[in-house]
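Inspection log for the structure reproduced underneath, given as structure tokens.
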Amino acid sequence: MPADAWRQWAAFAALFNPTTDPSPLGTFRSSPGAFAPFVDAEKFAAAARAFQSGQDAQTAAAAFSDFLRDQLGGVLDGLWGGPAFDGSAATGEEAPALGPNREQQERLQRATAAWRRLYQAQRRLQRLCSDALSEAARAFVSRQGVPAAPPTAEGLHGLYDAWIDCAEEAYARVAHGEAFGVALADALKAASEWRGECAASIEQWAKWLDWPMRSEINSLSLRVRALEEQQRERSRERETPARPVAKKAKKRTSAAKKPRGRTKR
Amino acid sequence: MSASLYAALSAARHCAPGCTAKDEVWRSGKLRLYRYRSISSPSSAVPLLIVYALVNRPYMMDLEPDRSLIRGLLSRGVDVYLIDWGYPDGADRFTTLEDYLERQLAGCIDEILKVRKLAALNLLGVCQGGVFSLCFAALHPERVRNLITMVTPVDFHTSTDLLSKWARKIDVDAWVGRGNVSGEVLNQLFLALMPFRLSQQKYVDLLRGDVDQARIENFMRVERWIYDSPDQAGAAFREFVVWFYQQNRLVRGGLSIGGRSVDLRTLELPILNLIGTRDHLVPPASSTALRDLTRSKDFTTLELDLGHIGMYVSARAQRQVPPAIADWLEAR
């Protein structure tokens, strides 16, 4: 086993890190995010080394706690669709829509409002996750203490696994909560509404340019489905013996006459 | 070690899943029905049809020679068919659960029964495919001889079901609109159930131990499968979320497909229910609920110390699951 486990981790992570990669892995530079976990592993190893470098326990724990919050926060950004965008209310969002372009203006206003709601929901999710990460970092530090021995490769793996356990436990507590579910649902709804308004705008352009519209294709699809159903119905009728159908029809006719007779009485 | 691991990952980047010879025996639209070629003498004349979920690709059932549920079953003489639902596109947005069950799944079963001159076959439903299998067996009991459900959600309102908690709050109509549901978005939701394990730890775990080419290749195949997420036909997705996740109709009742009531209490056939005790997607309690909902007098529950995906690709699953299924079928 190598003497300096951190160097081993760092060397491996450097292979994937676009900022340190000298040349042979150029193709991966264009998608550094795909290898973020390895870069994170490198950062974790560095933080772990600092954690175990002999400073006083409280300082080490606080530094490590800060590191964990930063580190895990990045993971969640990726899951919620990238870093948060500016969700401040756009100028003119409340302006009354007048004149021949009023429909387009209202659509744009609705899209902007949906965008802002998406941003707000994402911020709520991030705040909840940040709370979870604080809890995870506290739990991690209290469980680990500050070890005296320098880290081995296995020791680093052990620390890393413990960190993940703490993070998942804290995240699960938050994710099962009402606030998280509501924020997630709000984010999905706002994203869907924004997407719908964008689609409607493009649909308007398609109509103007006399291109095929989604609504036309939907109508055709539904018509094809109706025709397929008719065909299936006819196939079923062909497979059904004719005689029982005739009998049933006769019965229905006679049954239908009876109530009329009663009504007359 | 670092360079050799990198080289191993690079070498494995084109590893294709699927290892067992199979023949396409029927198709309908994007659906393909496959029959796997036997590799040992048959143990029964009644074939087994595997009904996989819509949300991932079914090749996970036959990932590689030493991680293949299908191969394990074939080696024990089980005659295996598999449904590949295909990748829905914009033309499938109005496809409903009735279409999937009463046309596509029913079409596969009719075809097998016609060719094999049988009255009924054995069904193995996996996850969402297990829900489909339960519904089909309730609608057409005469066509299913034995039913196996694997990591199948039944009670969608158990306290540990995180996906269900989220799904119950979602405005599905707004999400689906009149289109399909993106497989990528759905995948992000699945990853968000355990984000640190599923999007961080598994990569760092690659650094553990010596470089083993077989392990790396297995990792790359699973990686490919995880991100190979078909879009979901909008209408069917809406029905599935509302009827099962939000309204829990399998338990509470009121489920009907194509105008016909689906009541699990009508099920009297032999059932084997396979449950992963570490399943993070389908909590064990969600699956165990099945026992009390059917009238089957021949009901077997098999709980295995496995996760949702581990149930069909882990090394332990290869030793436990195919023999358990094959032995159970042979006894019936």
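Below, read A as the first sequence line, B as the second, and so on, with proteins coming before strands; counting in each chain starts at 1.
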Exercise: identify the closest heavy-atom pair between A:Y160 and B:Q200 = OH-OE1, 3.4 Å

Can you name the nearest heavy-atom pair linking B:T95 to A:R225, along with the distance?
-> CA-NH1, 3.8 Å

Select one option (side chain, backbone, both, neither) describing which atoms of A:E228 are under 4.5 Å from chain B's heavy atoms.
-> neither

Which bit of A:D186 is near chain B, if near means a heavy-atom gap under 4.5 Å: side chain, backbone, both or neither?
-> neither

With sequence neighbours left out, write down each residue that passes ring pair (Phe, Tyr, Trp, His ring centres under 6.0 Å) with B:F244, or none if nothing qualifies.
-> B:F156, B:F240

Student check: side-chain heavy atoms of A:R214 and B:R93 closer than 4.5 Å = yes

With B:F237 via ring pair (Phe, Tyr, Trp, His ring centres under 6.0 Å) - residues at least two apart | B:W175

Atom group of B:R168 that falls short of 4.5 Å from chain A, counting heavy atoms = neither

All ring pair (Phe, Tyr, Trp, His ring centres under 6.0 Å) counterparts of B:W26, not counting sequence neighbours = none

Taking the side chain as every heavy atom from C-beta outward, state whether B:F196 and A:W163 have any pair of such atoms under 4.5 Å apart.
-> no

Chain B contacts: which residues in residues 189-199 of chain A have a non-hydrogen atom closer than 4.5 Å to it?
-> A:K189, A:S192, A:R195

Would you call B:K169 and A:E178 a salt bridge, taking side-chain N to carboxylate O under 4.0 Å as the test?
-> yes

Check whether more than 12 heavy atoms from other residues, nucleotides or ligands sit under 6.0 Å from atom CD of A:Q231, and answer yes or no.
-> no

Max heavy-atom pair count under 4.5 Å with chain A, selected residue of B:D99, B:V185, B:V176 = B:D99

For A:R236, look at atom CZ and say whether over 12 heavy atoms of other residues, nucleotides or ligands are found less than 6.0 Å away.
-> yes

Under the side chain to side chain contact (heavy atoms under 4.5 Å, CB included) criterion, do B:L193 and A:Y171 qualify, and how do the steps go?
-> CA-CA 9 Å; B:L193 292 172; A:Y171 173 79; over 6 Å; no

Can you find a pair of side-chain heavy atoms, one from A:V224 and one from B:F94, that are under 4.5 Å apart?
-> no

B:P195 and A:E168, any side-chain heavy atoms less than 4.5 Å apart = yes

Between A:N218 and B:R178, what is the shortest heavy-atom contact and its length?
-> ND2-NE, 3.8 Å

Test salt bridge (charged side-chain N to carboxylate O under 4.0 Å, His left out) applied to A:D161 and B:R197, step by step | CA-CA 9 Å; A:D161 289 346; B:R197 282 195 212 294; over 6 Å; no

After noting the C-alpha distance and the side-chain angles of A:L184 and B:L189, does the key distance pass the side chain to side chain contact (heavy atoms under 4.5 Å, CB included) rule?
-> CA-CA 10 Å; A:L184 184 62; B:L189 273 180; 3.9 Å; yes

Sort B:D205 into side chain, backbone, both or neither according to what part of it lies under 4.5 angstrom from a heavy atom of chain A.
-> side chain

